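Okay, structure first, notes after.
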Amino acid sequence: MTGADHVHNESVVQAAQWLAEEKDPPRPIIPIIRQRFGLSALEACEAAALSNKYRILRRAHG
């Protein structure tokens with residue numbers, strides 16, 4: 001599923017929140033997210049994309 005009907009699991013959301021808070025995110029981020037949060041490659045990619053949305057929303061809404 002994609003778009004508004006897609007539901008992320010709690011680990012993906014936690015990883016996205018963590019990444020959005022990082023001022024200088026570690027590189028490469030996908031293997032680090034996978035190891036730190038126990039995610040699959042797809043889930044880690046979803047978390048990285050979601051973290052970008054969180055950053056944009058934070059800038060837009062303070």
Side-chain angles (χ1 to χ4, degrees):
M1 288 184 190
T2 59
D5 61 344
H6 185 80
V7 177
H8 299 286
N9 73 39
E10 186 63 27
S11 295
V12 170
V13 172
Q14 287 177 354
Q17 290 171 341
W18 170 80
L19 185 55
E21 294 294 325
E22 290 293 303
K23 292 185 181 199
D24 189 23
R27 303 282 178 188
I29 194 60
I30 300 303
I32 293 169
I33 291 175
R34 290 187 70 194
Q35 181 180 22
R36 184 174 177 129
F37 294 94
L39 301 176
S40 69
L42 177 60
E43 290 169 328
C45 291
E46 290 175 348
L50 189 57
S51 74
N52 287 330
K53 290 180 183 179
Y54 288 163
R55 283 190 199 105
I56 291 168
L57 289 172
R58 186 177 301 124
R59 284 187 211 135
H61 299 286

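Just so we're clear, the structure is a prediction, and the values are computed from it rather than from any experiment.
With rounding to the nearest 0.5 Å, the separation of CG in L39 from CD1 in I32 is 13.0 Å. For the atom pair CD1 of I56 and OG of S51, the computed distance is 9.5 Å after rounding to the nearest 0.5 Å.
Each side chain to side chain donor-acceptor pair (under 3.5 Å) pair with one or both residues in residues 32-45, not counting sequence neighbours, appears once here: N9-E43, S40-E43.
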Indicate every side-chain donor-acceptor pair of residues 12-28 with a distance under 3.5 Å to a residue at least two apart or in another chain.
residue, atom, partner, partner atom, Å
W18, NE1, E22, OE2, 3.3
E21, OE2, R58, NH2, 2.8

